[in-house]
Amino acid sequence: MTVRVRFAPSPTGYLHVGGARSALFNWLFARKMGGKFLLRIEDTDQSRYNETALHDLIRDLKWLGLNWDEGPEVGGPHEPYYQSQRLDLYKRHADELIAKGSAYRCFCTSERLDALRARQEENKMPPGYDRHCRDVDPEESNRRAAAGEVHVVRLRTPMSGKTVFTDLIRGEIEYQNHVLDDLVLLKTDGFPTYHLANVVDDHDMQITHVLRGDEWIPSTPRHVLLYQAFGWTPPVFCHLPVILAPGGGKLSKRKGAASVGDFRDKGYLPHALFNFLALLGWSPGDDREKMTLQELVESFSLERIMPKSAAFDEIKLEWLNGQYLIDTPVDSLLDEVRRILELRGYAAELAAQPSMLRKHVSLLKDRSKRIDEIVDTGLYFWRDPDTYDEKAVAKYWKAETPERMRVLCAQLQTVTWDHASLEACYRALTETLGIKFADLIHPTRLAVSGLSYGPGLFELLEALDRKMVIDRIHRALERLGG
Ligand code: GLU
């Protein structure tokens with residue numbers, strides 16, 4: 001048996017990390033088993049359809065590296081992969097169930113259903129369809145449909161007994177049939193509901209395993225009943241535990257970020273987010289955390305998905321991202337750093353000093369946890385510092401500092417401008433003056449960057465170039481005294 005799994009998003013909003021994690025587990029499982037990963041767009045809810053969401057979804061899946069073997073853009077043997085283009089198929093299957101007596105047409109008007117709901121509410125009864133049309137004579141039903149009477153198609157759910165299925169993570173789950181409504185399969189506009197389209201497509205596309213978020217568990221007994229009605233074998237179900245925000249509750253933009261796009265905008269690398277999401281509710285069985293794609297694929301197994309809800313720990317994501325930044329070549333970061341710098345208003349500076357970008361990135365990427373941190377801790381590559389870290393000033397800008405800085409500047413006028421010669425110059429000067437290395441280093445860093453930390457000072461000075469460094473020391477002398 002070839003494993004066939006799918007990610008089946010409804011393009012109604014952005015790609016939430018929960019959805020991305022589902023897609024990723026499906027992808028890993030398919031790659032591990034030498035199977036196929038499908039992307040199917042569940043766009044049958046026309047009222048919630050959103051063209052931008054579809055575009056963003058495809059972009060975000062690609063950005064994460066979740067390529068699909070069948071689906072939009074790549075095609076495949078079960079085309080089309082958009083449910084809105086498969087309406088005939090669902091209609092035919094609904095008709096088949098009507099003919100078998102497993103489904104029936106419901107002609108109830110929306111007025112009747114509204115009144116029913118109001119009555120149920122008033123009497124504190126559970127909401128649900130009262131099965132009014134369940135026993136309409138089939139011939140009458142056919143006649144009314146042929147005459148064009150508006151109707152939906154409902155599943156004839158057994159009124160007693162129970163529906164049992166096995167979930168790979170939670171084990172056996174059972175539902176009493178009487179709590180399951182006669183659910184709508186086909187709506188008045190001829191569009192299928194999620195349930196019908198999802199089951200028909202999973203069968204038609206020969207899906208072997210359904211891996212999805214556990215918010216879909218209540219839908220599963222209905223799906224099982226549908227499989228039974230069609231006489232099909234259901235796939236293996238595996239419902240993934242929910243992802244919670246660090247303090248508990250739902251992950252949301254308000255609590256930091258929620259969508260893949262948010263994390264991209266916050267300066268995370270796709271591989272880091274990929275690695276992190278893979279470890280949300282799954283572990284390789286040892287204490288490895290930073291894992292290559294290949295290692296993740298090799299060690300992935302459904303058995304090690306943890307039943308407990310997983311907490312989204314952004315500190316860990318940051319740490320992982322920092323590790324990935326170290327591995328990422330400078331050149332592959334340039335575009336993103338440029339984009340963020342432009343967003344911060346540095347377009348003119350970028351144009352004036354094109355070669356500075358590379359130096360900026362190479363000196364800061366290994367010290368940063370996120371791409372935006374590379375930008376924000378290195379703005380002094382682009383403009384003179386306008387403030388100086390107060391604590392560092394108090395600590396390092398002593399009464400003797402101005403005089404030492406003036407002597408230093410004189411030397412800097414003529415020294416060969418590379419980091420080794422600069423370092424030699426500083427060493428020699430500290431000896432001549434009989435002071436400590438730190439007495440020159442810290443004030444220089446403060447003067448050129450305004451900060452007390454940063455990349456190796458001599459590499460930094462080399463990158464900034466002679467005139468800029470000397471000018472900035474003069475500026476600090478004016479501003480800090482001396
Ligand atoms: N269209 C559903 C969603 O938006 C698919 C759920 C499933 O995987 O069955 O998540």
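Here the structure is a predicted model, which means the values were calculated and not measured. Order of appearance sets the numbers: ligands from 1, and atoms from 1 within every ligand.
Between the side chains of Arg212 and Thr220, at least one donor N or O lies within less than 3.5 Å of an accepting N or O. There is a side-chain donor-acceptor pair under 3.5 Å between Arg105 and Asn142. Defined by atom type and a distance below 3.5 Å, a donor-acceptor pair is present between the side-chain atoms of Arg383 and Tyr346. A donor atom on one side chain and an acceptor atom on the other are not found under 3.5 Å apart for Tyr14 and Asp60.
Counting protein heavy atoms only, atom 10 (O) of ligand 1 is closest to Trp216 CZ2, 3.3 Å. Looking only at protein heavy atoms, the nearest one to atom 4 (O) of ligand 1 is Ser10 OG, 3.2 Å. In this structure, the protein non-hydrogen atom closest to atom 8 (O) of ligand 1 is Arg6 NH1, 2.6 Å.
For Phe7, no heavy-atom contact with ligand 1 is shorter than 4.0 Å.
Looking at Gln120, its side chain does come within 3.5 Å of a backbone N or O of Gly128 through a donor-acceptor pair.
Per-residue contacts place Glu42 under 4.0 angstrom from the following atoms of ligand 1 (heavy atoms of the residue considered): 1 (N), 2 (C), 5 (C). Every atom of ligand 1 with a heavy atom of Asn198 under 4.0 Å away is listed here by number and element: 7 (C), 9 (O).
Residue Ala8 has at least one nitrogen or oxygen atom sitting less than 3.5 Å from a nitrogen or oxygen atom of ligand 1, judged on distance alone.
Aromatic pair Tyr194/Trp216: centroids less than 6.0 angstrom apart.
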